[in-house]
Amino acid sequence: MSDTEDRRFPTDDPAVVTCGLPYANGGIHVGHLRSFVGGDVFSRALEKVGQETAFVCGSDMHGTPIAVQAEREGRDPEELALRWHEEFTEQFPEFDVDFDNYGHTHDGTNTELTREFVRRWIDGDHVIEREIQVAWDPEVDQPLPDRFVEGTCPYCGETARGDECDEGCQRHLEPGEIVDPVSTITGNPAEYRSRTHEFLKLSDFQAYLQGFIDRLEGTDNARNQPREWIEGELEDLCITRDMDWGIDYPDGEDGEQDLVLYVWVDAPIEYVASTKQYSERVGTEEFDWREVWGGDGRDPERSDIVHVIGKDIIQHHTVFWPAMLRAAEYDEPRAVMACGWVTIDGKGLSTSRNRAVWAEEYLEEGFDADFLRYYLATAGGFQGDVDFAWDRFRERVNDELVGVVGNFIYRSLLFANRNFGGTPGADLSPEVEERIEDAIGEFRDGVDDYSVRDVGEAAVRLARFGNEYIQRNEPWKLDDEEAAPVIRDCVQVAKAVTVLAQPVIPSTAEEVWSTLGEPGSVDEVRLAAALEAPPAEFGEPTEPFEKVDPEHTEELAERLEERVAAASEADGAGADDEAEADADADGEAGEAEAAGDGDGADAGELEPLADDRISFEEFQDLDIRVGRIETVDPIEGADDLVKLTVDVGVETRQVVAGIKQLHDLNELPGKKVVLLANLEKAELFGVESNGMVLAAGEEADLLTTHGDAVPGEKIR
RNA sequence: AGCGGGAUGGGAUAGCCAGGAGAUUCCGGCGGGCUCAUAACCCGCAGAUCGGUGGUUCAAAUCCACCUCCCGCUACCA
């Protein structure tokens with residue numbers, strides 16, 4: 001970031017704005033919507049400043065989560081993914097997220113282009129073949145790529161997924177790295193088999209990426225977070241997987257290999273493919289995708305490619321992706337805008353736990369899409385997290401959008417219409433002209449700073465000025481002749497507000513535009529239109545917005561509260577296996593939740609007794625047994641965890657317990673313990689734990705029996 | 001432990017990256033105005049040591065160091 005430099009928008013070249021691909025295995029909620037709205041606002045704003053822009057995206061159809069889900073449901077992955085893809089296609093327009101092209105990664109364009117990328121890598125000698133050990137389920141004789149396998153991270157020892165150490169050090173894991181692999185489908189311990197795979201030599205691009213990251217524009221998090229990777233040792237990226245679902249690896253000669261490309265290979269290429277589809281549809285004279293993506297002899301380090309993503313996929317867009325582009329001799333991204341999460345009560349949304357406000361649900365409640373767009377775009381800085389609360393939503397919409405923006409436009413236009421039948425014939429005052437120019441400047445700065453918020457605020461501030469201005473001049477106390485210049489100014493401000501606000505509230509802006517009697521669409525005009533005279537005649541305006549009913553949001557807040565409570569409960573009880581597919585979905589705040597413990601932990605300070613009573617039946621749901629410890633083995637790499645085998649009469653269970661530092665392990669065998677037998681299985685450090693040994697307090701003081709109860713006896 | 005992001009008047013946020021008159025906007029509180037406007041809008045007040053400590057500087061919310069506390073991904077007490 002050699003500072004603001006002089007590379008301001010617009011440039012002479014066409015730009016492309018992309019949004020992180022929604023993953024086609026679940027619905028869209030407000031968290032996802034934030035990055036789509038952000039991208040849409042930004043691309044509209046770019047056009048407002050005169051930048052030729054294509055806004056493209058597509059559904060992410062491949063990858064193991066979809067394959068896993070399809071397998072579980074006994075369905076075809078393509079059919080599964082397409083169903084969601086269709087839904088996305090319908091939902092985006094409802095929020096005025098208006099892509100110039102929306103494709104998907106499984107379509108012909110992407111498939112072809114992806115293969116071409118890979119061929120270029122091969123031709124450029126950036127791909128090497130390597131024998132690696134891949135996880136394999138011996139029982140069903142099936143390879144276990146990525147998230148088909150879980151195990152222990154070789155770096156930090158945490159439980160990890162096959163493709164990343166999601167719970168520990170967050171490292172990206174290459175196939176074959178994970179220790180103690182277990183199949184996520186069958187639960188079988190996996191074994192490693194030797195397979196030949198293809199690798200993109202990221203190491204070829206280390207120096208390049210170091211320069212790239214200094215050049216990259218966008219939000220700070222995107223420019224800083226990857227530095228650790230780029231400045232460290234870059235490992236080569238395995239670009240193939242042993243799977244059926246995906247794009248076949250283009251190996252030319254022997255079509256024998258049943259390898260497909262890693263999902264993160266074909267997913268970002270969809271950005272290019274989708275742009276290409278757009279070009280093909282409108283014609284290259286209108287928009288030439290090659291001018292954006294390169295290969296046209298321009299400086300590849302000076303593109304106008306802007307990626308809008310969620311902060312969970314920063315590395316993919318700032319390390320893998322630029323290397324992939326470079327290796328195929330395409331241009332590099334100019335900017336990456338990584339937005340924060342949308343939270344509820346400060347905690348992340350969760351698809352699998354229904355801890356969310358769904359896109360569909362929002363619309364069903366009858367709210368204006370512009371309201372949510374406004375809220376999401378301006379509630380906080382783009383890279384910060386934004387809390388979604390219905391009452392905050394109502395507050396900001398009613399007080400700012402309706403009260404300030406809508407009200408100003410309405411009162412101005414109504415006054416003008418009643419007294420003058422339109423815009424009075426008078427000159428624009430220098431004060432107002434200057435103020436509008438300032439607003440245009442704020443808007444421009446917002447675009448150049450990649451600040452969606454500032455872009456949105458520019459219009460609101462101008463409207464606020466408008467209210468002050470009309471109040472200060474009190475035209476209602478003046479005769480028509482005196483009032484004319486004031487109203488002329490107000491109508492001009494109202495028009496300017498409409499132009500400036502259009503990227504955020506496109507549909508309302510459009511209505512106001514036609515109320516003003518302006519020809520064409522506000523979507524088409526540029527910022528300069530804010531200072532052009534409004535029509536001399538226009539009809540009676542209607543109120544641009546209808547307020548949000550407080551009772552309505554109150555009710556929704558209650559409903560949401562219940563839903564969140566339900567999610568937390570489900571959560572407190574359960575392990576974290578359900579997290580599987582979420583992380584890829586962009587804008588999704590993975591699964592948080594530490595369930596209430598953690599606090600009151602200090603010795604000497606006892607937790608209060610629980611208020612909620614449970615029924616005897618509920619108690620009986622717990623299958624608690626007497627057990628006898630047979631063997632004790634410390635778990636390698638873990639501080640406290642040990643692997644126990646416990647005789648519970650009917651069988652012997654393997655249980656993991658965190659008691660290593662608190663008990664002399666040698667004394668444990670033979671000790672009787674109390675075991676919760678029907679707790680769901682969990683995996684800790686790659687070791688399965690089938691039950692829970694009960695212990696008291698922080699010290700994990702093991703419970704035992706005083707009499708002669710025998711293993712297997714039920715506690716009642 | 002690791003990585004990232006924070007800590008600003010009662011609550012929620014902006015400013016800090018390009019350091020300079022004690023600071024934005026929204027809600028809330030108090031008082032006033034106006035009546036064109038969707039009980040809207042406008043004005044004024046209430047007064048906060050801009051998390052702590054030290055440093056750089058003529059000057060720091062804004063830069064540097066250390067610290068504390070939060071939050072997020074996530075965790076070994078299953």
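Note that the coordinates shown come from a computational prediction; the quantities given were computed from them, not determined experimentally.
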May I ask you to say what A:Phe545 touches in the nucleic acid, namely base, sugar-phosphate or nothing, with a heavy-atom cut-off under 4.0 Å? base
Between A:Val402 and A:Arg396, just flag the one whose closest nucleotide in RNA chain B comes earlier from the 5' side. A:Arg396
Salt bridge (charged side-chain N to carboxylate O under 4.0 Å, His left out) partners of A:Glu474, counting only residues at least two apart: A:Lys477
Determine which pairs satisfy salt bridge (Lys or Arg N to Asp or Glu O under 4.0 Å) with at least one residue from residues 399-409 of chain A, sequence neighbours left out, and list them in order. A:Arg396-A:Glu400
Should A:Asp220 and A:Arg223 be marked as a salt bridge (charged side-chain N to carboxylate O under 4.0 Å, His left out) after you check the CA-CA gap, both sets of side-chain angles, and the distance that decides it? CA-CA 5 Å; A:Asp220 295 334; A:Arg223 303 187 317 176; 3.2 Å; yes
Distance check, P atoms only: B:A23 and B:G44, in whole angstrom units. 14 Å
Does B:G47 have a Watson-Crick or wobble partner in any strand here, with both distances under 3.5 angstrom, and which is it? none
Quantified in whole Å, what is the C1' atom distance between nucleotide B:G33 and nucleotide B:A39? 16 Å
Scanning all shown strands, the Watson-Crick or wobble mate of B:A78 with both distances under 3.5 Å is none
Picking from B:A78, B:G33, B:G72, which would you name as closest to the side chain of A:Gln471? B:G33
Distances under 3.5 Å between protein N/O atoms and the N/O atoms of nucleotides 9-14 of chain B, please, pair by pair.
| residue | atom | partner | partner atom | Å |
| --- | --- | --- | --- | --- |
| B:A12 | O2' | A:Arg392 | NH2 | 3.1 |
| B:U13 | O2' | A:Arg453 | NH2 | 3.1 |
| B:A14 | OP1 | A:Gly381 | N | 3.1 |

Taking any heavy-atom pair under 4.0 Å as a contact, classify A:Asn221: base, sugar-phosphate, or nothing. nothing
Taking pairing as Watson-Crick or G-U wobble with both contacts under 3.5 Å, can you name the mate of B:C36, or confirm there isn't one? none
Of the candidates B:C36, B:C26, B:G72, the side chain of A:Arg418 sits closest to B:C36
Roughly how far apart, to the nearest Å, are B:C69 and B:A1 at atom P? 11 Å
Taking the same atom, P, in B:C30 and in B:G47, what whole-Å distance lies between them? 15 Å
With sequence neighbours excluded, give me every salt bridge (Lys or Arg N to Asp or Glu O under 4.0 Å) pair touching residues 371-382 of chain A. A:Asp40-A:Arg373
Is it true that the NZ or CZ of A:Arg34 lies under 6.0 Å from the centre of A:Phe382's six-membered ring and within 45 degrees of the ring axis? yes
Please work out which of the three classes, parallel, tilted or perpendicular, describes the rings of A:Phe367 and A:His552, given edges at 30° and 60°. parallel
Let me know the distance between CD of A:Glu400 and C1' of B:C41, rounded to the nearest Å. 15 Å
The side chain of A:Glu468 lies closest to which of these nucleotides: B:C36, B:C43, B:U38? B:C43
Using the test side-chain hydrogen bond (donor to acceptor under 3.5 Å, both in side chains), find all partners of A:Thr645 that sit at least two apart in sequence or belong to another chain. A:Thr631
Can you tell me which residue pairs pass the salt bridge (Lys or Arg N to Asp or Glu O under 4.0 Å) test with a partner in residues 377-391 of chain A, sequence neighbours excluded? A:Lys311-A:Asp385
Across all strands shown, which nucleotide pairs with B:C66 by Watson-Crick or G-U wobble geometry, both distances under 3.5 Å? B:G52
Gap in Å between the two P atoms, one belonging to B:G15 and one to B:G5, rounded: 15 Å
Do we count A:Phe415 as stacking onto B:C36 if the rule is ring centres under 5.5 Å and planes under 30°? no
Rounded to whole angstrom, note down the C1' distance from B:A48 over to B:U13. 16 Å
Determine the Euclidean distance between corresponding P atoms of B:G52 and B:A61; express it in Å to zero decimal places. 11 Å
At 4.0 Å (heavy atoms only), tell me whether A:Val655 reaches a base, stays on the sugar-phosphate, or touches nothing. sugar-phosphate
Is there a Watson-Crick or G-U wobble partner for B:U13 with both distances under 3.5 Å, and which nucleotide is it? none
Rounding to an integer number of angstrom, what distance separates B:A59 and B:G19 when you compare their C1' atoms? 8 Å
The Watson-Crick or G-U wobble partner of B:A61, with both key distances under 3.5 Å, is none
With both distances under 3.5 Å as the test, what is the Watson-Crick or G-U wobble partner of B:A21? none
Looking at residues 485-494 of chain A, who's got a heavy atom less than 4.0 Å off RNA chain B? none
If you pin A:Val404 and A:Pro544 to their nearest nucleotides in RNA chain B, which one's is more 5'? A:Pro544
What do you reckon, are the aromatic ring centroids of A:Phe371 and A:Phe545 less than 6.0 Å apart? yes
The complete set of salt bridge (Lys or Arg N to Asp or Glu O under 4.0 Å) pairs with one or both residues in residues 479-496 of chain A, sequence neighbours excluded, reads A:Lys495-A:Glu518
Quick one: which residue pairs count as a side chain to side chain donor-acceptor pair (under 3.5 Å) with a foot in residues 454-465 of chain A, not counting sequence neighbours? A:Ser451-A:Asp454
Minimum heavy-atom separation for A:Asn473 to A:Leu478, with atom names? O-CD1, 3.8 Å
If you look at every strand shown and take non-hydrogen atoms under 4.0 Å, does A:Arg472 touch a base, only sugar-phosphate, or nothing? nothing
Using a 4.0 Å heavy-atom cut-off across all strands, classify A:Glu457 as base, sugar-phosphate, or nothing. nothing
Counting side-chain heavy atoms from C-beta on, which of B:A78, B:G72, B:U38 comes nearest to A:Glu543? B:U38
